[in-house]
Structures are given as C-alpha cells and as structure tokens.
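Structure first, commentary second.
Model, not experiment: these values are computed from the prediction. Order of the sequence lines fixes the chain letters, A, B, ..., with proteins taken first and strands second; residue numbering starts at 1 for each chain.
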Amino acid sequence: MPELPEVESVARTLWDGTPSLNDQTIIKATIPLLKVIQQPDHLRFAAEIEQCCFINLNRIGKYLLFGIESAKGIRHTLVIHLRMTGRLFLVPEHEAHQQHTRLILHLHSGLALRFDDPRGFGRVWLVDDPAKVIGSLGPDGLTISYEQFTKQLAGSKRQLKPLLLDQSLIAGIGNIYADEILFRSQLHPLIPVSSLSEEQRQRLHSTIVSVLQEAVAMQGANIDGVFKAGKFQVAVYGRNGSPCPLCGDIIIKIKVAQRGTHVCPTCQHPTS
DNA sequence: CACTCTACCTGTGCGC
DNA sequence: TGCGCACAGGTAGAGT
C-alpha cells in the first residue's frame with residue numbers, strides 16, 4: 001500500500017534512476033483495463049498522449065504528476081494514483097504486458113512505462129490543469145509547516161486517526177504511517193484533536209514530518225509479508241501481539257473509523 | 001457544513 | 001487437501 005514515502009520512492013526511481021523517463025517520447029498507449037483512465041475517456045486519452053514527451057515529474061501526497069509536452073509544444077499533466085496495489089515499472093518492450101498490467105505507455109526508446117495493479121483500484125488522468133484532480137488536497141505531509149498544520153486543524157473535533165487519514169487536511173499519510181506517527185507521538189488514535197495541548201500538537205506535527213522524512217530516506221517501508229518498498233521498519237503496524245519496542249507491553253489492534261489500528265496501550269494512553 | 005460510512009476489487013490466510 | 005469466507009485499504013460519493 002504505497003503512501004507518501006513509497007510514492008516518492010517510485011518518483012525518484014523513474015526520474016533519477018537508470019533508465020529514466022526524462023525526455024522519453026510516448027509512441028502509443030495500450031489500456032488493458034479501460035476504467036483505469038479516469039479522464040478524459042480512454043479514446044481521447046490514447047490519442048492525446050501519443051507523441052508526447054516526459055519533461056518533469058512531481059509528487060503531491062500520494063499522487064504522481066508527470067509533466068508531458070506534445071509535439072506542438074502543448075503541455076499536459078499525466079496524473080497517476082497507485083491506490084493500494086498499483087506499481088510502475090520502466091521496462092524493455094518485451095516485458096510490457098504482464099498478468100495485472102492496466103496501462104502501457106510504449107516509448108520511442110524501446111522501453112515501456114508499465115502500470116500494474118492486481119486490484120485495479122489505481123487511477124490515471126490526463127489533464128491540462130492538475131488542480132482538477134488534486135485541487136482539494138491539503139499541504140503535503142513531508143513539508144507541512146506548523147502554521148499550516150495548525151490552520152488545517154482549526155475548529156476540528158475529530159479523532160486523531162481519521163484526521164491524519166484525511167487527504168484534504170494533510171496529503172500523503174495512509175493507514176500504516178498514521179499508526180506509526182501516533183505511536184511515535186505517544187498519542188492515542190481516539191483522542192479528539194481539540195483536546196490536545198499546545199505541546200502535544202507540536203509533537204504531533206514534528207513527528208508527522210520526521211517519520212515521513214525518515215521513511216523517504218529509507219525508500220519506504222519494509223513490512224513482513226505485506227510489502228517491501230524500502231528499509232523503513234514500522235514499530236506498530238501489523239505487530240499486534242508483539243511487544244512494544246519502547247515499553248515491552250503487548251501491541252493491540254483495534255478498529256478506528258473502520259480501519260485496522262495498532263496501538264501500544266501503555267505508550268499511547270487515551271488520557272495522556 | 002462537517003463528518004461518517006460503504007462500494008469498489010482481488011490476493012492472502014484462516015478455519016473447518 | 002481444498003473450499004469458502006473474512007480481511008486488507010484509498011478514495012469517491014452517498015448518507016447522516
């Protein structure tokens with residue numbers, strides 16, 4: 001389940017790695033699962049993306065924004081969201097179509113950008129203005145300032161867990177990093193944000209940024225049996241029944257806002 | 001308006 | 001061994 005650090009890692013691999021997408025021209029699009037194309041319709045998508053060249057790549061929250069330019073110099077943005085099981089590969093043409101491949105962009109170089117997604121939840125847009133897709137996202141979690149954070153939380157009485165998962169407040173945090181952030185902040189997921197002290201609010205903000213930064217530096221998380229993007233080790237996610245690395249108490253799994261939520265009952269006391 | 005809940009999917013892992 | 005089923009979760013859109 002790629003969240004901000006894993007998506008950032010994908011972006012860096014595709015752009016800074018070898019081979020790179022930078023300056024590659026698209027010959028044609030193949031769309032084995034038509035509904036992954038969210039906008040425009042798949043026929044227009046395929047027609048418009050032909051002969052476009054990749055000129056930059058950005059990430060906001062969990063969204064990848066590929067800047068592309070047509071032969072006539074018209075700029076568009078290819079937006080891709082991997083959702084839970086999406087993956088992107090830059091591969092030789094003969095490896096372009098696998099069992100769960102949902103979109104292939106065939107490139108002039110003989111390579112192909114392959115979008116695989118077993119569950120088919122991932123989505124792709126081709127737009128003139130990316131604000132049409134990502135306009136309602138809050139500030140990116142990797143770089144959000146304390147002033148922005150405070151502003152986003154102002155007036156809310158929501159519990160911390162659903163608050164962290166709300167992409168319109170802070171972009172990029174998913175279920176795994178939400179649990180990790182709350183554990184490191186020593187805050188219980190059910191606490192209403194309105195009841196935090198100034199010190200606790202500052203601690204939560206600095207932990208959001210530091211956990212995401214650390215995970216980005218590690219190229220994402222490594223979770224036994226779930227996924228292995230990078231080397232970041234989680235302390236609580238999926239570790240229910242195991243001892244807390246800080247106090248040795250047993251980590252429990254509860255349900256908060258319909259999400260599996262992992263908590264150390266000692267370190268994250270509801271009234272702390 | 002502010003928030004909560006469900007549908008969308010399929011691979012995995014459990015119980016019987 | 002094999003079958004069936006609950007579970008996993010990000011987001012849009014429906015519901016409260």
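Following rounding to the nearest Å, A:D116 (CG) and B:dG11 (P) show an atom-to-atom distance of 13 Å. The CZ-C1' distance, from A:R119 to C:dC7, rounds to 9 Å in whole Å. The interatomic distance linking A:Q159 (CD) with B:dC5 (C1') rounds to 14 Å, in whole Å. Protein atom NZ of A:K157 is 9 Å distant from nucleotide atom P of B:dC3, rounded to whole Å. Between the CG atom of A:N175 and the P atom of C:dT11 there is a distance of 12 Å, rounded to whole Å. Atom CG of A:L64 is separated from atom P of C:dT11 by 12 Å (rounded to the nearest Å). When the P atom of B:dG11 is taken as reference, atom CZ of A:R87 falls 14 Å away, rounded to whole Å. In this entry the distance linking CG of A:L82 with P of C:dT11 reads 11 Å, nearest Å.
Using a 4.0 Å cut-off between a side-chain N of Lys or Arg and a carboxylate O of Asp or Glu, A:D140 and A:R59 qualify as a salt bridge. Ion pair A:E69/A:R75 flagged as a salt bridge, since at least one NZ, NE, NH1 or NH2 atom sits closer than 4.0 Å to an Asp/Glu carboxylate oxygen.
At a threshold of 4.0 angstrom between heavy atoms, the contacts of A:S156 are confined to the sugar-phosphate backbone, with no base atom among them. Residue A:R259 is in base contact, counting any heavy-atom pair closer than 4.0 Å across all strands shown.
Applying the 4.0 Å criterion to OP1 and OP2 of B:dT4, one finds that A:R158 has a side-chain N or O inside that range. Dashed line: the shortest gap from a side-chain N or O of A:K62 to OP1 or OP2 of C:dT11 is under 4.0 Å. Listed pair A:Y237 / C:dG9 meets the phosphate criterion, a side-chain N or O lying under 4.0 Å from OP1 or OP2. Put simply, A:K161 has no side-chain N or O that comes within less than 4.0 Å of OP1 or OP2 on B:dC3. Look at A:H100 and you won't find any side-chain N or O under 4.0 angstrom from OP1 or OP2 of B:dC9. Taking only side-chain nitrogens and oxygens, A:K255 comes nearer than 4.0 Å to OP1 or OP2 of C:dA8.
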Quiz item: Taking it one step at a time, do A:Y177 and A:F232 satisfy ring pair (Phe, Tyr, Trp, His ring centres under 6.0 Å)?
Solution: CA-CA 11 Å; A:Y177 288 98; A:F232 181 83; 5.7 Å; yes
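Evaluation of A:F121 against the base of C:dT11 yields no stacking contact (centre distance < 5.5 Å, interplanar angle < 30° required).
For the pair A:R114 and A:F89, the cation-pi criterion (under 6.0 Å, within 45° of the ring axis) is fulfilled.
Taking 3.5 Å as the limit, the base of C:dG9 and the side chain of A:R83 contain no donor-acceptor pair of atoms between them.
Side-chain contact check for A:H76 and A:D128: at least one donor-acceptor pair (N or O, by modelled atom type) lies under 3.5 Å. Residues A:H100 and A:D116 bring no donor and acceptor atom of their side chains to less than 3.5 Å of each other.
Nearer to the 5' terminus of DNA chain B, by closest-nucleotide assignment, is the contact made by A:P162 (compared with the other of A:R102 and A:P162).
The side chain of A:Q258 has B:dT6 as its nearest neighbour among C:dG10, B:dT6, B:dC9. Of the candidate nucleotides C:dG10, B:dG11, B:dC9, B:dC9 has the atom lying nearest to any side-chain atom of A:K35.
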